[in-house]
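These notes concern the structure reproduced below.
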2 protein chains.
Amino acid sequence: MSPTIRDIAEAAGVSTAAVSYVINDKPGVGEETRRRVLKIMREMNYRPNPQARGLAARRTGMIGLMIPDITDPFYVNIVRGVEAKANELGYTLNLCTTHGDAERERDVAELFASGGVDGVIMMTYKLTPSELKELSEGRAPVVAIDNPEAAGWVPSVLVDNIALGRTATSYLTELGHTRIGFIHGVEGSIASMRRYEGYVQALKSQGAEFSPELVEYGGFTHAGGVEAARVLLSRPQRPTAIFAANDQMALGAMSAAMELGLSVPSDLSIIGVDDIEAAALVVPGLTTLKQPTCEIGACAVGILADLIRSPEGDDEAGASDVGQRVFEARLIVRGSCAPRQ
Amino acid sequence: MSPTIRDIAEAAGVSTAAVSYVINDKPGVGEETRRRVLKIMREMNYRPNPQARGLAARRTGMIGLMIPDITDPFYVNIVRGVEAKANELGYTLNLCTTHGDAERERDVAELFASGGVDGVIMMTYKLTPSELKELSEGRAPVVAIDNPEAAGWVPSVLVDNIALGRTATSYLTELGHTRIGFIHGVEGSIASMRRYEGYVQALKSQGAEFSPELVEYGGFTHAGGVEAARVLLSRPQRPTAIFAANDQMALGAMSAAMELGLSVPSDLSIIGVDDIEAAALVVPGLTTLKQPTCEIGACAVGILADLIRSPEGDDEAGASDVGQRVFEARLIVRGSCAPRQ
DNA sequence: ATTCTAACCTTAACCGGTTAAGTTGTCCTC
DNA sequence: GAGGACAACTTAACCGGTTAAGGTTAGAAT
């Protein structure tokens, strides 16, 4: 088997404590001894056992990351940000996906709570805020991403989806559009609802038309986007622009438009959200709103690392000051939107 | 703090050993005692500490997964397969990305080797097979995915990229094409080289033309595909079909064709590899070769779990029998290929 | 009545580290 | 030259579980 700290200690003629001090760069060991121990560690190819270390020092060096779906580019990009920052801070990542399943979310939360990780980053939609809060009061602190409901309960980093909706919609109204369709994601999606809220706000403030006839659901999928757009475009007075709550649906809307003989952007302007890879590849390119996913991930890790270092709760200020960081989406202009003719 | 096994033992009036037996469903505990202990565990919201467990029982319940890039759909789909199967077998995933960086690959390997995981699944391209083998002889067994060089050294699961190249190319020759271009990925990519090899084999066996003029590099990116296709299509005798080593480049080739006023598939047939999401969304749909990524991932976990259960090495049969499982890619026919006119 | 067996449970040594407290030796100071 | 301060180690008690080996007890077999 691989050598233990005792083997090293013996070989170097010192106590395990001394070796431990060397490993952790702590004072109390002479220069000469330190060098000797290091040399022997190298020679014997010694690697401290992370489990034993963790057990004794009460840390695992791991951050748990819970996301619904590793296929969705939005989450993947957040994972990238998280990974980069976590790595920078010396943490390794424990990734679990939940597929939006409530039970699985609970299982994973349980797993993380049992102490396998030093902290948890959660993108969860089924767990209630109080469940989250309870979890965070256990062994590992929690930071929530993209969950407005959890904000206020646990430290959160969010994107302002209402502003996002306003930005997208205003961009279209400023191009002269007044009949603008909206394609929701799945029913009950908070992100979708907030984007819709921004859409309504912008319509009102710009004096553009608002009608339930302009709103459909597309389930966040390409096929759903096709369906929804077909419905919207076959209405007596069809919209001249469509704002879809994500890019897959926006691309679906684009297909539907082509299928109906409408040209994008001259007959129909389309705007999406997420800036997925395909958005840049289609012709015309899809104008979209990009959320700063990498920064979001990195920011969450930063907050979490602080919490791990100095566990909360010991302040009298009350729970009202749980951190919260809000990011804004950025408009990426490509070719899919044009002034109304 | 959260209760320990000693707290439970005390509350139940038994020894910690008894509690441990209950936790692990081992015999030697009476029905009544077992029930009492379970009840108390529930009441006190007890969760065994995974680190302590791992230390004592010499397992972590984690599988390390090393991939170059979490953005690449090919890897992501493998991760999905791995995650699902790992989860099924009670393992959790420790994900690390290397960005194809040799030093990072070594760091991660080191991390895994130090015993943080029970086994490792590697998609690595910079580590030498002997480094891999050495790693696998340490604390954690290793399974390699998609690394033909490692096969024979460590248990491997692969896709037959030569056959893939043959399949793609034969599909085109059978449609009557004789001048078929090939777009490589990055230089030195083994996958790309093997696909090329299959391409050459198919050309030869079908008596089609082979010329260095028909081969370009596209670096696996969309932009690179555009570039490469431009070059190929501006040659005196332009190819009537192009086989790109991945879908991004194939889509790039499609853009280049449109840009040059060529229509796909009537003027130019295009075939790619990977079946990325966008392949189904463009018009015409991209014909492509899909690797059974989920099965590959699941298969790797299966092999690894066996190795973890019964560590190798104890057989006299020699190292020649390291497992190896080869998968075949499947042709997905969409609209981007047509008979030569 | 004694021995054997089996079921049930406890003791205590580990797993491989960390770390507070204690020991030893050296040098400095007054 | 006694006392104190400091550097360099060591001792040993943990961290929170697992598990081999041993101890009781009750009931069955002899």
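Sequence lines set the chain letters: A, B, ... in the order given, protein chains first and strands last, and positions in each chain run from 1.
Proximity of A:T4 to the phosphate of C:dG16: no side-chain N or O atom is located under 4.0 Å from OP1 or OP2.
The distance between atom NZ of A:K26 and atom C1' of D:dC9, rounded to the nearest whole Å, is 16 Å. Regarding B:E31, its CD atom lies at a distance of 15 Å from the C1' atom of C:dC9, rounded to whole Å. Spacing between atom CD1 of A:I5 and atom C1' of D:dT10 amounts to 13 Å, rounded to whole angstrom units. Atom CD of B:E10 is separated from atom C1' of D:dG16 by 15 Å (rounded to the nearest Å). Atom CG in B:D25 sits roughly 13 Å away from atom P in D:dT19 (whole-Å rounding). One atom, CG of B:L55, and another, P of D:dC14, lie 17 Å apart when rounded to the nearest Å. As rounded to whole Å, 10 Å separates atom C1' of C:dG16 from atom CD1 of A:I23. Nucleotide D:dT10 holds its C1' atom 18 Å from the CD1 atom of A:I8, rounded to whole Å.
Ion pairing of B:R6 with B:E10 is absent here, as no side-chain N (NZ or NE/NH1/NH2) approaches a carboxylate O to less than 4.0 Å. Residues B:E110 and B:R106 are not paired through a salt bridge, judged by the lack of any N-O separation under 4.0 Å between the basic side chain and the carboxylate. The existence of a salt bridge linking B:D306 and B:R309 is confirmed by a sub-4.0 Å separation between a basic side-chain nitrogen and an acidic carboxylate oxygen. Ionic pairing of A:K126 and A:E103 is not present here: no N-O contact between side-chain nitrogen and carboxylate oxygen is shorter than 4.0 angstrom.
The two residues A:F327 and A:R325 have their closest heavy-atom pair at CZ-NH1, 3.6 Å. In plain terms, the two heavy atoms of B:S156 and B:A151 that are nearest each other are OG-CA, 3.3 Å.
Comparing A:T16 and A:R36 by the nucleotide of DNA chain D that holds the closest heavy atom to each, the one mapping nearer the 5' end is A:R36. Toward the 5′ end of DNA chain C lies the nearest nucleotide of B:V29, the other residue of the pair B:R58 and B:V29 mapping further downstream.
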Look for any protein N or O under 3.5 Å of an N or O in nucleotides 20-24 of chain C and output each such pair with its distance, or none.
residue	atom	partner	partner atom	Å
C:dA20	N6	A:Y21	OH	3.1

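With hydrogens and angles left out, the side chain of B:R53 and the base of D:dG16 share no donor-acceptor pair within 3.5 Å.
Counting any heavy atom pair closer than 4.0 Å across all strands shown, A:R6 reaches a base atom. Counting non-hydrogen atoms under 4.0 angstrom, A:G30 reaches the backbone sugars and phosphates but no base. Using a 4.0 Å heavy-atom cutoff across all strands shown, A:V19 reaches no nucleic acid atom at all.
When the C1' atoms of four end pairs are superposed on the next four at each end of the helix from C:dA1-D:dT30 to C:dC30-D:dG1, using five pairs per end, the two resulting axes differ in direction by 60°, to 10°.
Contact check of residues 44-52 of chain A against DNA chain C (heavy atom, cut-off under 4.0 Å) returns A:Y46, A:R47, A:P48, A:N49, A:A52.
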